[in-house]
Amino acid sequence: MTTPPQENRYPTALTIEDFKSKLAAVRQKIAAACHRAGRDANTVRLLPVSKTVDKARIQLAYEAGCRFLGENKVQEAFDKWQSLPELADLQWSVIGHLQTNKAKFVAKFAAEFQALDSLRLAQALERRLQAEGRSLNVFVQVNTSGEASKYGLPPEETASFIQSLANFDCLKVKGFMTLACLSDNEQRVRGCFRLLRDLRDRLQQDAPANVQLHELSMGMSGDYEMAVEEGATVVRVGQAIFGARALPDSYYWPTQP
Ligand SMILES: *Cc1c(COP(=O)(O)O)cnc(C)c1O
């Protein structure tokens, strides 16, 4: 048995109809996973991830109904936002690691940032957001796979980090984000998702008053159905909607050491 090439697994969406049917297919799988887990399908938000996708295809996705897109790299997201002023109600979520010196870009345009993992970054974002007169929904990224090379806070540092976020007026903390380990072993992948859910359940109890910890952003094209079964409230799906990417995942986040 050979694995099918990525192109076959994730065909490229090239028309509005392609986007509509792919979005419907993913939503249907989310609904089925919710049903298996005894959850209401309306409690899961699908965040389509448009990294590497050009302006023309983003426009098609918009016409197919997308109003919220995720991007890993802030510069790419910022450029797309600037070049699509006509899509005024399209909102952007930055889901990848952010260097402190790029906080100013996020503060200018993003509606959501899912990779908060340091106090320095929180401070930089708060300062830039105040200057812009904006606020930002944020998710704290947690390293649930234990891989030294992955971004995100170690689970044991998360509780004190959450407490320290109480004083940032422009950061609206919503919950947690994680990338599961990339593994064929379903139990290992589920273990990452469960760790995040347990952490949320535990920390929710003594979260500061202005810090909400309800959201769990977990699951991508390869594992979102499992993530939904394990409690995801946001799934970040790129390739299963837009098509396979040419760039390897290691370009976006560090893989195995
Ligand atoms: C690209 C990306 C995704 C989506 O991955 P797909 O394999 O395209 O579904 C999810 N989360 C993050 C942080 C990403 O960078």
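Counting convention: from 1, in listed order, for ligands and their atoms alike. These figures come from a predicted structure and were not determined experimentally.
Side chain to side chain, T15 and D18 meet the donor-acceptor criterion of an N or O pair below 3.5 Å. The closest side-chain donor-acceptor pair between Q59 and E86 falls under 3.5 angstrom.
With hydrogens left out, the protein atom closest to atom 4 (C) of ligand 1 is R236 O, 3.5 Å, a heavy atom. Ranking protein heavy atoms by distance to atom 6 (P) of ligand 1, first place goes to S221 OG, 3.5 Å. The shortest contact between atom 7 (O) of ligand 1 and any protein heavy atom is with Q239 NE2, 2.9 Å.
Close approach of ligand 1 to V237 is summarised as follows: ligand atoms under 4.0 Å from at least one heavy atom of the residue are 9 (O). For ligand 1, the atoms lying closer than 4.0 Å to a non-hydrogen atom of K51 are 1 (C), 2 (C), 3 (C), 14 (C), 15 (O).
Each of K80, R236, K51 was compared with E71 under the salt bridge (charged side-chain N to carboxylate O under 4.0 Å, His left out) criterion, and only K80 meets it.
Every residue meeting the side chain to side chain contact (heavy atoms under 4.5 Å, CB included) condition with A166, not counting sequence neighbours, appears here in chain and number order: P208, N210.
In terms of N/O distances under 3.5 Å, ligand 1 is not approached by I95.
Here R197 contributes atom CZ and T178 contributes atom OG1; the two are 13.5 Å apart, rounded to the nearest 0.5 Å.
At a heavy-atom distance under 4.0 Å, no atom of Q114 approaches ligand 1.
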Pairs of donor and acceptor atoms involving the side chains of residues 102-111, under 3.5 Å and at least two apart or interchain, shall be tabulated with distances.
unit_1 : atom_1 : unit_2 : atom_2 : d
K102   : NZ     : Q99    : OE1    : 3.4
K104   : NZ     : N101   : O      : 3.1
K108   : NZ     : E132   : OE2    : 3.2

